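Both backbone and side-chain heavy atoms feed into the values below; hydrogens, waters and symmetry mates do not. What you are looking at is a predicted structure, and each value in this text was computed from that prediction instead of being measured. The chains referred to below are lettered A, B, ... by the order of the sequence lines, with proteins before strands, and numbering in each begins at 1.
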Number of protein chains: 2
Amino acid sequence: MLPPPIPSPPPGRATIADVAREAGVHASTVSRALNPATRGMVTEAVALRVTEVADRLGWRPSAVAAGLRTRKSRTIGILVPDLINPIFPPILHAVETVMAARGYATLVANTDNDPAREALLIERMATHLVDGLMLASAAAGTGALALCARFGIPAVLINRRMPQGADCAATSAVTNDDRHGIGLAVDHLVALGHRRIAHLAGPEGVSTATDRRTGFLDRLRHHGLEPAGLVPAAAYTREAGQVAMAALLAGPPFTAVAVANDMLCLGVYDAVEAAGRRVAADVSVTGFNDMPFVDRIHPGLTTVRIQHDAMGRQAAEILLAEMADPALPRRDIRLVPELVIRASTRPPQEPA
Amino acid sequence: MLPPPIPSPPPGRATIADVAREAGVHASTVSRALNPATRGMVTEAVALRVTEVADRLGWRPSAVAAGLRTRKSRTIGILVPDLINPIFPPILHAVETVMAARGYATLVANTDNDPAREALLIERMATHLVDGLMLASAAAGTGALALCARFGIPAVLINRRMPQGADCAATSAVTNDDRHGIGLAVDHLVALGHRRIAHLAGPEGVSTATDRRTGFLDRLRHHGLEPAGLVPAAAYTREAGQVAMAALLAGPPFTAVAVANDMLCLGVYDAVEAAGRRVAADVSVTGFNDMPFVDRIHPGLTTVRIQHDAMGRQAAEILLAEMADPALPRRDIRLVPELVIRASTRPPQEPA
DNA sequence: GCAAAATCTGCAATCGATTGCATTGGGCAT
DNA sequence: ATGCCCAATGCAATCGATTGCAGATTTTGC
């Protein structure tokens, strides 16, 4: 008595062919039975049997094999300039949640604000056949959009737009209304009585920096004021914030500073202390983003809250829609931010 | 005069077959010429010509097609319990940097501390044929490791180990020496003169929580003391920290609390203030992780600094090594943390 | 100067799933 | 009872790159 022939499931995972053999049908039938979209093409009884066998054999689809045939990897990529900046994780989380719910995996990469690295990463993503790309790293002079176009990868910008570039209209973007947002900060400072207000701007070439800067100037002039100082930071980092603030402090006097983002504010606090002055008491500070925990720094930062979650969600939905139908008209969404008043802003100290 | 036959590069990307035709060689030769590892098998002249044609045609490898054949996707997955917690982005960054340098893309997913979601994500990663998995989400009762084993995916644990589980030894892990780390905090508090010290522990089933808890107790008893209170938090979140601290404050008196991590400390600060007391002046607080910006909260948090970057790097190296040779002995690396003293700890207030 | 060995290149199968087209069979109408 | 149509299933090609094997060419050794 020979033992019955062993179905041999041991080596590797079961394939559609294994299931077909076991269920006594053709591989194509298995494929149709297992794919929800085509399941209707197959008799209910067959579908049931195939599903049962597939389960028993522990069959798992191979996204790679399917992707080769269909040219879709069920994967999207997301490029972030700097994951360490706490505003990105919440955005990423929202994007990933929406994508995961639709069956997409998310390839994440840090560009570290380096255009060369960004290009390399896009190439690699193209190699991996991502179905779409979410770019949080837009900046002037980047070839990112051109690369996406070349590879035919649908892309959506998030948080940052292309700074008045030529190809703006060609790509959807979900960003904050930065000009409006910084205006809220200016209004607040003016209402407190400040007249000499400086701006610590973001790095050149990034839309959040340029928009907040022009928004700052516009709103200030709306109040009949001129900036008491304006220095751009080299990057959106704490260190760059400290350096830029030190430069501002070395210039003409001011009683308040509207800073381009919260990360810079940490450096601003450092610089103010290093100069022997006090935030709020001597100089009012406003931030931008309301990133996590800035309510707990001292003094609590008055800042402009953005809608991280809505941003990620909407961008994800738009990307999915454009992946499904590339002919869809492009969209340019501006989310409206709100001012959160804490302890870093006070009426100006009258000069003795 | 008919125009010369058009090479037809327009539709889609050029494939290896296109390059072969154009270069007048066989596809297999192209493959060998273009793959650095096999380039030596081919005449230098041919290699040159093929490379030139490939460039001209804008050929890009298809990781999907190659992956189907080789069963390697050049992709690794990383599972994070909660990306919003600022200790994970630096770790992730380190992992991603090492992986990118070796040509691997990184699939990131949030488990949101949900074992079911974790299982689903691992399945999906298996579907995508990841070559390896980095798990930052280890906890008791998770089937993660079993799933990896079933799918034959090499895995490495990072930041959290399996809590004294059976299969510890089967998987490499790179973690902090949590018991030693919390001991540093205890030593510091005792040296300041505290005798009634409480512990705000992490959530059940997570190694960082259990190790820090036993480390706390051991070290306390080493000093001849008993805990003045011990409450576990429901999760590593600010809210859970607040709730747990409120519970501690409602119990027997204590002058200092060693908290299981920095995120919880934010809630601890909230709770202390809500109770009308002051951190440092009335109750000393120590954290764990030295996550970004806790130097700027008020009062600056005394905490235990971990080596995010080294952790990510080493875990990545180990994963790569085990992917290359699954027979390698498993490793269990403990990185040693250091105490960072700031303003949240002071000698105890003598009761009047 | 000729055989043996080494080197290069081509051939064809393969990875696993998908899908247009062909075939089969059952049901229905006349 | 005959023919027709439609639904269900099978067949085979395909996606793009890799690789064991074999054939062709060159180099080496004696």
Side-chain angles (χ1 to χ4, degrees), chain A residues 9 11-51 53-54 57-74 103 126-129 131 151-152, chain B residues 9 11-50 53-54 57-75 103 126-129 131 151-152:
Chain A
R13 302 217 293 268
T15 74
I16 229 175
D18 298 328
V19 177
R21 195 178 321 112
E22 191 81 359
V25 294
H26 192 268
S28 59
T29 303
V30 174
S31 171
R32 287 188 269 252
L34 260 19
N35 181 338
T38 52
R39 180 158 179 152
M41 302 171 68
V42 125
T43 316
E44 189 54 22
V46 173
L48 239 47
R49 181 154 42 95
V50 168
T51 314
V53 173
L57 262 42
W59 175 81
R60 291 286 174 286
S62 161
V64 171
L68 178 57
R69 176 69 220 242
T70 60
R71 320 181 106 316
K72 310 227 145 305
S73 61
R74 302 237 92 191
T127 275
H128 280 274
L129 226 51
D131 299 330
F151 296 135
Chain B
R13 303 216 293 267
T15 74
I16 229 175
D18 298 328
V19 177
R21 195 178 320 112
E22 191 80 358
V25 295
H26 192 266
S28 59
T29 305
V30 174
S31 171
R32 287 187 269 253
L34 259 19
N35 181 337
T38 52
R39 179 159 181 151
M41 303 171 69
V42 125
T43 317
E44 188 56 21
V46 173
L48 238 46
R49 182 153 42 94
V50 168
V53 173
L57 262 42
W59 175 82
R60 292 285 174 285
S62 161
V64 171
L68 178 57
R69 176 68 223 245
T70 60
R71 320 183 108 308
K72 310 224 144 308
S73 61
R74 302 237 90 191
T75 294
T127 275
H128 281 274
L129 226 51
D131 298 331
F151 296 135

Item to complete: Determine, stepwise, if the pair A:Leu34 / A:Trp59 fulfils side-chain contact (heavy atoms from CB on, under 4.5 Å).
Response: CA-CA 10 Å; A:Leu34 260 19; A:Trp59 175 81; 3.6 Å; yes

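For A:Arg32 and C:dG20, the CZ to P distance is 10 Å, given to the nearest whole Å. Computed from coordinates, the B:Arg39 CZ to C:dT7 P distance equals 18 Å when rounded to whole Å. To the nearest angstrom, P of D:dA7 lies 11 Å from CE of A:Met41. The CZ atom of A:Arg71 sits 15 Å away from the C1' atom of C:dA17 (whole-angstrom rounding). Between A:His26 atom NE2 and D:dT9 atom P the separation is 13 Å, expressed in whole Å. Rounding to whole angstrom units, CG of residue B:Leu129 and P of C:dG16 are separated by 9 Å. In this entry the distance linking NZ of B:Lys72 with P of C:dG16 reads 13 Å, nearest Å. Counting to the nearest Å, the P atom of C:dG16 and the CG atom of A:Leu68 are 12 Å from each other.
In this structure, A:Arg13 does not reach the C:dG16 phosphate: none of its side-chain N or O atoms is under 4.0 Å from OP1 or OP2. Dashed line: the shortest gap from a side-chain N or O of B:Ser28 to OP1 or OP2 of C:dC11 is not under 4.0 Å. Residue B:Thr70 places none of its side-chain N or O atoms closer than 4.0 Å to OP1 or OP2 of D:dT18. Side-chain N/O atoms of A:Thr29 include none lying less than 4.0 angstrom from OP1 or OP2 on D:dT9. Note on A:Trp59: a side-chain N or O is less than 4.0 Å away from OP1 or OP2 of C:dA17. Listed pair B:Thr43 / C:dC8 fails the phosphate criterion, with no side-chain N or O lying under 4.0 Å from OP1 or OP2.
One distance of note links CZ of A:Arg21 with CG of A:Leu57; it measures 9.0 Å at 0.5 Å rounding. The structure places CZ of B:Arg69 at 14.5 Å from OG of B:Ser62, a figure rounded to the nearest 0.5 Å.
The shortest non-hydrogen separation linking A:Arg32 to A:Val42 is CB-CG2, 4.3 Å.
B:Val64 comes within 4.0 angstrom of no nucleic acid atom, judged by non-hydrogen atoms across all strands. Contact annotation for B:Val46: backbone-only contact, meaning every heavy-atom pair under 4.0 Å involves sugar-phosphate atoms and none involves a base.
For the pair A:Gly24 and B:Ala66, both in contact range of DNA chain D, the more 5′-proximal nearest nucleotide belongs to A:Gly24.
Checked options B:Leu129, B:Val64, B:Leu68; the residue passing with B:Ser73 is B:Leu129 (criterion: side-chain contact (heavy atoms from CB on, under 4.5 Å)).
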